[in-house]
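A short worksheet on the structure shown next.
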Amino acid sequence: MIIFLQELCMQLFLWLLMLIDGLMEIFSALSGVTNITVHGQQVNILEYIVGDSTVSAIFWCIFILAVGLTCMFTIVGLVKNMIANNRNISSIVGKFFLALLGSLAMLAVVILGILIANSVLQLLAKIFQIGNTTKISSAVFDACVGDWVNGYSIKDVDIKNLSVSDIFGTYKTAALGIWPASWKNNGMVNPNSFMYLPALIAGIAMAIALIVAVLNLAKRIYEIVFLYLTMPMSLSTLAMDDGARFKNWREMFLTKIVLAYGSVLAVNVFILILPLITQMKISGISSFGSSMFLIFMIVGGAMVIPAGQTLFARLFGQADDMHAGGNFLHSAFYGGRMLGGMTLGLVAKGIRGISHLMHNRNSNNSGDSGSSSNGDASGGESEDKFTDDDSSSTESEGGGTE
């Protein structure tokens, strides 16, 4: 039975590692570290979307709309200046032309900024790969292996191509060759020293952390395209508000561009430190305490991945919208818990209602039987009284006749 449980835990752990590898590939594509394939060509996802012909056509349509808005806001600025008389007419007209020319100049700046940011991000990812090419799934697996056997190590295996039998080997059987008795230790890992609890907890924590990071990176792609399309409209109010709206747009766009740096740094720092953490031992504690230390370090490192995005957002003053992915999971968790509580409450109310109804029915039945017995007793008494009265009256009448 224990051998079956060990195999089940290992299979669940391998599935979690496959999920982590898939999430890491999505993470690399969304952050811009690796390219995606479109029509047989390798392209960067953000550069491909921004440079698409349809997106460009929509941008120029919005640019024409922004020209009309610029004229309208310039007239509003002139009217306000006629009332307040606190600005020169030449400055308002100058900002009108500045808004038109600035939109064209900012178009080149935005495209060039995206290209430079992606190039620097890929260079940063390559810097962390110097002397450290271990996948995050392999690092987590190696951290949870108690003892490698038969000369194997993490450098000799590929996690995605392994099965439970490859890792643990075979086992001796008993009871007609069906029931497992003990391990033969002819695999890669000692099954009795593998840390199953840290493995499952670490796999779940890493999967949740990567899901949050991937959600935020996917959200970042849409937000950058949204800011790219609305850039002429933010400049159209330049003659009326002296560039206050454009300042907000600039800060937000810069934050979204550099947001992927926090995620890439966090993931690479985690992969860099994890092999060092697995070599540490706390003297004077049991093996369970060492396992708990490893769990805390792995889960804490997993929490750094979404925290890296938040840190970069706070550096640029735009951390309020970084809780979208986290709040989604947070709301889903508490929403599920609330839904479960409401379901249990409704079930409890239904049970109480049924029990109350049955109690009332039983009490009504007992009340009817009691009333009928009381009625019979009172009827007997009345009949006795009626008989006595009739006999006494008859006697009195007979005596009177005599």
Side-chain angles (χ1 to χ4, degrees), residues 19-38 43-52 54-56 58-59 62 110-111 113-122 124-125 136 205-231 233-234 245 247-270 302-336:
L19 176 62
I20 290 173
D21 283 339
L23 290 173
M24 277 301 302
E25 294 177 0
I26 299 174
F27 173 86
S28 299
L30 291 178
S31 61
V33 174
T34 59
N35 295 328
I36 61 173
T37 303
V38 179
V43 294
N44 184 275
I45 182 171
L46 188 58
E47 297 174 4
Y48 172 74
I49 293 177
V50 173
D52 183 69
T54 303
V55 176
S56 300
I58 293 174
F59 174 82
I62 295 177
V110 166
I111 296 177
I114 291 175
L115 295 176
I116 294 175
N118 290 334
S119 300
V120 175
L121 186 63
Q122 293 175 0
L124 180 65
I136 192 169
M206 283 300 306
I208 293 175
L210 287 174
I211 287 173
V212 174
V214 166
L215 286 176
N216 285 325
L217 288 176
K219 175 172 168 282
R220 166 183 172 266
I221 298 294
Y222 290 99
E223 288 173 338
I224 289 177
V225 176
F226 179 84
L227 292 172
Y228 165 70
L229 294 176
T230 57
M231 182 265 296
M233 301 182 67
S234 66
R245 300 294 179 272
K247 180 182 178 181
N248 296 334
W249 179 91
R250 183 187 63 214
E251 293 176 353
M252 191 175 298
F253 183 79
L254 182 62
T255 301
K256 301 305 177 184
I257 287 294
V258 302
L259 197 62
Y261 286 82
S263 302
V264 174
L265 278 172
V267 170
N268 286 279
V269 167
F270 177 75
M303 294 173 61
V304 171
I305 297 175
Q309 296 176 336
T310 307
L311 178 61
F312 260 72
R314 287 177 178 173
L315 288 176
F316 292 89
Q318 295 289 336
D320 294 335
D321 60 342
M322 280 307 302
H323 301 286
N327 275 349
F328 172 77
L329 297 176
H330 188 270
S331 302
F333 171 74
Y334 281 99

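Values below: all heavy atoms of this structure, side chains included; hydrogens, waters and symmetry mates excluded.
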OG1 (Thr230) and CZ (Phe226) are apart, to the nearest 0.5 Å, by 5.0 Å
What one should report as the nearest heavy-atom pair of Pro306 and Val212 is CB-CG1, 3.9 Å
In terms of heavy-atom contacts, Arg220 and Leu30 come closest through NH1-O, 3.8 Å
What one should report as the nearest heavy-atom pair of Val264 and Phe27 is N-CZ, 3.9 Å
- Flag the pair Leu259 / Glu223 as yes when at least one side-chain heavy-atom distance between them is below 4.5 Å, and no otherwise. no
dist Leu121:CG -> Ser28:OG (nearest 0.5 Å) comes out at 9.5 Å
### Query
Side-chain contact, heavy-atom cut-off 4.5 Å: Ile224 with Ile257?
yes
d(Ile136 CD1, Asn268 CG) to nearest 0.5 Å is 9.0 Å
On a heavy-atom basis, the closest approach of Leu23 and Val214 is O-CG2, 3.9 Å
Note to self: Evaluate Glu25 against Thr34 for side-chain contact (heavy atoms from CB on, under 4.5 Å), listing each step before the verdict.
What the structure shows: CA-CA 8 Å; Glu25 294 177 0; Thr34 59; over 6 Å; no
Indicate yes or no: at least one non-hydrogen side-chain atom of Val110 is less than 4.5 angstrom from one of Tyr228. yes
Nearest heavy-atom approach of Ser263 to Leu217 is OG-CD2, 4.1 Å
| Within-4.5 Å side-chain heavy-atom neighbours: Val43 and Asn35 | no
Worksheet entry | Backbone of Met231 reached by a side-chain donor or acceptor of Ser234 within 3.5 Å | yes
The reported gap from CD1 in Ile305 to CD1 in Ile208 (rounded to nearest 0.5 angstrom) is 12.0 Å
Problem - Stepwise side-chain contact (heavy atoms from CB on, under 4.5 Å) check, Met233 with Trp249 - result: CA-CA 10 Å; Met233 301 182 67; Trp249 179 91; over 6 Å; no
Are any side-chain N or O atoms of Tyr48 and backbone N or O atoms of Thr37, one a donor and one an acceptor, separated by less than 3.5 Å? no
Quiz prompt | Contact check, side chains of Val269 and Val304, non-hydrogen atoms, under 4.5 Å | solution = no
Correct closest heavy-atom pair for Ser31 and Ala260 would be O-CB, 3.8 Å
When rounded to the nearest 0.5 Å, the distance separating CG of Asp21 from CG of Leu210 is 10.0 Å
Here the gap from Ile221 atom CD1 to Lys256 atom NZ, rounded to the nearest 0.5 Å, amounts to 11.5 Å
Discussion item. Do Met206 and Leu19 make a side-chain contact, defined as non-hydrogen atoms from C-beta onward lying under 4.5 Å apart?
Written reply: no
